[in-house]
Amino acid sequence: MGSLIEAPEPRNAGGQGFFTTRLQHLINWGRKNSLWPMPLGLSCCAIEMMAMVGPRYDLARFGAEAMRFTPRQCDLMIVAGTLTWKMAQAARTVYDQMPEPKWVIAMGVCSSSGGMYKNYAVVQGIDSILPVDIYVPGCPPRPDAVIDALLKIQKKIEKERPLAR
Amino acid sequence: MRHTRRLSPAERLFLPAIARGLAITLRAIFRPRFTRQYPEEPIPVTPVTRGQPRLVQFEDGSPACVSCGLCEYACPAYAITIDGGETDRFIEREPKRFEIDMLRCILCGFCEEACPKDAIFMSQELEMAAATREDHILGLDRLLRPRAEFAERMEYVRGIHERWKDPSALQRRAHERWTEQARRKEQEEAAGSAGGQT
C-alpha cells in the first residue's frame, strides 16, 4: 500500500482538543459513507461500472450509489476507460468543476497507465493531468475490484484531518 | 382534434396505480436475495479465471523461468521486462530481474500460452488496488508462487492445448453435431405432420 493510505491516525494529532477530533471523526464518517461518484465512463470499463451499481454488486451498500451526471454534485471521480488527449481537456474541466473535497479512482489499466495503448493519442496515465488517489488494475477490473478500491478510499478518508490547517 | 383521453375519476385518484406499484415492491421483498455481499463473500473463482499473471516457483525456491523472453515478446501491452542471467543450476539461465507492470497488463493470457517451460500462469488474484504506480510494478519477490497453487490452472491450460492439436477433430465434431440437429428437426417435422393428419 502507498504512503497515502497509511497516513497517521487523526486522533489527538497535532495537539488538537477533544471536541475538534470528535468533530473530525464525525465529518470523516459522513464523507466516507456518502461518496457521490462522477461516472466518467469513457469505454468498456464503464460497462463494468454500471454492473457495480446494479443489484448484483450493489454499491448502495457503501453509500456510493448516487451517480450524479453533473460534476458540481460529486466528490468521487471514477475515470473508467481510455482517456485520449482530445478528451483530456474535458476530463480536467470536469475535475475542476467538482467541489472540494474530491477523490479520484483510476479504473482499469487504460486510465491508470495507458495500458495496451502505448501511442501518441492516449494519455499515458491520467495522473499526468489529475491527482489520482487509487489505481485499479484489470482490463476491465471486475466490479469487486472497484468496490475494493472504494473501500480503500474510505479508509483513506477516515485518516484525513478536515479541520487541520 | 384531441389526442389525449380525459382520465376517469378512478384514474384521477391515482390510488389504484399506487397500489399496483406497491404490490410489485411487496413481491420483490419476498424474492430470493440477489446481491453478493462482496467483502464478506469473495469473488467465486474457477481455473478458467484469468487473474494477474504469476511465476512458478519450484520447491527449492528457484524460479521455473529460464528468461527466454517469449512472454515478453508475446505481451501486447509491453508489460513484461526480463533481464536474464547465468546460474549454476542445470538450466543455466534464470531471470535476474522479472518485472510485470500490472498497470499495463491486460490479463490476456498470451504470456501463459507462449511460455515453453510452464513458468508463468494466470493466478486468481484480482483485487489489487493501490495508491501509487510503483506498487503495481511487481518484481520477482512478489511474483513467485509455489507450483502447487497452479495445479488446477495447469490442467486447464493443457486442456486448451489438446484442443488445438487436431483441428480436424474440432471440425468433425461440429459437423456431427450439425447433422444430428438436422436429423432431429426432420424427425420432429415428420412427427408433427403425422399428428396433423390424424
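Proteins come first, then strands; the chains are lettered A, B, ... in the order of their sequence lines, and each starts at number 1. Keep in mind that this is a model prediction, so the values were computed, not measured. Below, each value reflects all heavy atoms present in this structure, side chains not excepted, and no hydrogens, waters or symmetry copies.
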Handout entry: Max heavy-atom pair count under 4.5 Å with chain B, selected residue of A:D127, A:V146, A:V136, A:D144
Key = A:D144
Has [X] got a side-chain atom pairing as donor or acceptor with [Y]'s backbone, closer than 3.5 angstrom?
| X | Y | result |
| --- | --- | --- |
| B:R104 | A:S113 | yes |
| B:T35 | A:D58 | no |
| A:K118 | B:A77 | no |

For [X], I'd like to know if atom [atom1] has over 12 heavy atoms of other residues, nucleotides or ligands within 6.0 Å.
| X | atom1 | answer |
| --- | --- | --- |
| B:R147 | CZ | no |
| B:E86 | CD | no |
| B:D88 | CG | no |
| A:Y117 | OH | no |
| B:E186 | CD | no |
| A:Q89 | CD | no |
| B:E125 | CD | yes |

Value rounded to 0.5 Å, distance of [atom1] in [X] from [atom2] in [Y]:
| X | Y | atom1 | atom2 | value |
| --- | --- | --- | --- | --- |
| B:Y38 | A:L150 | OH | CG | 11.0 Å |
| A:Y135 | B:E134 | OH | CD | 8.0 Å |
| B:D101 | A:S112 | CG | OG | 9.5 Å |
| B:T132 | A:D133 | OG1 | CG | 12.0 Å |
| B:C105 | A:M116 | SG | CE | 11.5 Å |
| B:I106 | A:C139 | CD1 | SG | 5.0 Å |

Check for me, please, whether [X] and [Y] land in the same ILVMFWY cluster - side-chain distances under 4.5 Å, paths through other members count.
| X | Y | answer |
| --- | --- | --- |
| B:M122 | B:I120 | no |
| B:V66 | B:L70 | no |
| B:F150 | B:F98 | no |
| A:Y95 | A:V123 | yes |

Looking at [X] and [Y], what are the two nearest heavy atoms and their distance?
| X | Y | result |
| --- | --- | --- |
| B:A130 | A:I134 | O-CG1, 3.5 Å |
| A:G138 | B:L107 | CA-CD1, 4.0 Å |
| A:K152 | B:A129 | NZ-O, 2.7 Å |

Exercise for the section: Would you mind telling me which of B:M102, B:Q37, B:R50 has the largest number of heavy-atom pairs within less than 4.5 Å of chain A? Expected result: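 Max contact count across the listed options: B:Q37.
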Exercise for the section: State whether B:F34 and A:R56 meet the cation-pi test: NZ (Lys) or CZ (Arg) under 6.0 Å from the six-membered ring centroid, and within 45° of the perpendicular axis. Expected result: yes
Handout entry: B:Q52 versus chain A, the contacting section by heavy-atom distance below 4.5 Å
Key = side chain
Practice task
Name the region of A:L151, side chain, backbone, both or neither, that has any atom closer than 4.5 Å to a heavy atom of chain B.
Solution key: side chain
Exercise for the section: Applying side chain to side chain contact (heavy atoms under 4.5 Å, CB included), run through A:R142 and B:T49 and close with a yes or a no. Expected result: CA-CA 11 Å; A:R142 281 198 191 188; B:T49 308; 3.5 Å; yes
